[in-house]
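Here is the structure we will look at.
Since the structure is predicted, the reported quantities are computational estimates derived from the model, not experimental observations. Letters go in sequence order (proteins before strands), and every chain restarts at 1.
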Amino acid sequence: MASSLSSTSEKRKTPSSDNVNGNQPKKNHWSAALSAAIDDESVQVYKDDLCTVINDKFPKACIHLLVMPNENIANLKSVNNTHVSLLKHMLKVGKETAEKVAAKANARGSFAHFRYGYHAIPSMALLHMHVISQDFISDSLKTKKHWNSFTSDYFLDASQVIDDLQANGFIRVDTVRMRKLLDNELTCHRCSNNFTTMPKLKQHLLMHIS
DNA sequence: GTTCTAGAAC
DNA sequence: GTTCTAGAAC
C-alpha cells in the first residue's frame, strides 16, 4: 500500500526498550549495548546456555551485575508464562554469581548483601536483572533517579516478578506511578533519614559501613 | 543508559 | 560565588 510511505515530517522515533522484534534499536545506539555484551566474551562474568552475566558498565554500588537472557527478550512486557523457568534460572545464577564475586572480593556487611530485581521502566533494550550490593557506594551513583530506581518500589524484586508471572502469565507495570517514584525524596534505604541533595546522601551512606 | 551545561538553589 | 540539579542530545 502506498499509504505506508513515510513523510519527511514524520518524527524520528527514539529507540528504546519498548521496541520488540522487528523494531529494535539501531545496532550502535546506546540502548542496544546489552545485546552486544551477550556476544562479547571479554565483558562476561558468567555464561551458560540460557543466560549471561556482566558487570554493569556504570556500577551504582561496589558490586553491580546484570543478568540477561541469551534469547532476545526486550523487557518484562515481552515476558509470558513460557519464561517462568528462565527467570527462575536467571535469579539462581544471579545469586550464585553474587556470592562468588563477593567471596573473591572479601565483601562483608552491606557490601555482601544483595538485592535482585528489575527496573520498572528500563532504558536498555534487552531484559536485564540487576544484582546490586546494598552499600550504594560508587562514583557512578549521581542522580535522584539513580537512587530511587534502586531503593523505591521502582525496583521490582525478581522473586516477586516470578510470583506475579506464575499467577497471571504476564507482568503489568503501572508506568505513571513508577515514573513518579523517581521524583521521591532522597531517603536512606537503611535508616530512612531524608536528605536534600545527592552529595549529602552519599556522605551519609559512608556512615552505614560497619 | 551517560554527558553536558544552563540556571536554580544555596 | 559555588554547588547542584534537570533536561536536551538530530
Does the salt bridge (charged side-chain N to carboxylate O under 4.0 Å, His left out) test come out yes or no for A:Lys100 and A:Glu96, once each step is laid out? CA-CA 6 Å; A:Lys100 273 186 211 166; A:Glu96 289 171 354; 6.0 Å; no
A:Val131 and A:Tyr116, any side-chain heavy atoms less than 4.5 Å apart: yes
Any stem touching DNA chain C, meaning at least three consecutive Watson-Crick or G-U pairs under 3.5 Å, ordered by first number, would be B:2-10 with C:1-9
Closest approach to the side chain of A:His128, judged atom by atom: which nucleotide of B:dG1, C:dT5, B:dT3 is it? B:dG1
Kindly point out which of B:dT3, C:dC4, B:dG1 is positioned nearest to the side chain of A:Trp30? B:dG1
Report yes if at least one side-chain N or O of A:Lys142 is closer than 4.0 Å to OP1 or OP2 of C:dT3; otherwise report no. no
Does the pair A:Arg172 and A:Asp164 meet the rule for a salt bridge (charged side-chain N to carboxylate O under 4.0 Å, His left out), with working shown? CA-CA 9 Å; A:Arg172 169 146 297 179; A:Asp164 288 352; over 6 Å; no
Whole-Å distance separating the CG atom of A:Asn148 from the C1' atom of B:dG1: 17 Å
Separation of atom CE in A:Met198 from atom C1' in C:dT5, rounded to whole Å: 11 Å
Euclidean distance, atom NZ of residue A:Lys200 to atom P of B:dC10 [Å, nearest integer]: 8 Å
Backbone N/O of A:His113 and side chain of A:Ser110: donor-acceptor pair under 3.5 Å: no
Report the nucleotide, chosen from B:dT2, B:dT3, C:dC4, that has the shortest atom-to-atom distance to any side-chain atom of A:His146. B:dT2
Quick one: A:Asn55 CG to B:dG1 P, roughly how many Å, whole number? 16 Å
Would you tell me if any nitrogen or oxygen in the side chain of A:His119 comes within less than 4.0 Å of OP1 or OP2 on B:dG1? yes
Rounded to the nearest 0.5 Å, what separates atom CG in A:Asn193 from atom NE2 in A:His208? 7.0 Å
Nearest-angstrom distance from the residue atom CE of A:Met124 to C1' of B:dT2: 10 Å
Could you measure the distance from the CE atom of A:Met90 to the OG1 atom of A:Thr52? Nearest 0.5 Å is fine. 9.5 Å
Linking Ile, Leu, Val, Met, Phe, Trp and Tyr by side-chain heavy atoms under 4.5 Å, what else ends up with A:Phe150? A:Ile132, A:Phe136, A:Leu141, A:Trp147, A:Phe155, A:Leu186, A:Phe195, A:Met198, A:Leu201, A:Leu205
Between C:dA6 (C1') and A:Asp183 (CG): distance, integer Å: 10 Å
Write down the distance between NZ (A:Lys144) and C1' (C:dT5), rounded to a whole number of angstrom. 9 Å
How many Å lie between NZ on A:Lys202 and C1' on C:dT5, as a whole number? 14 Å
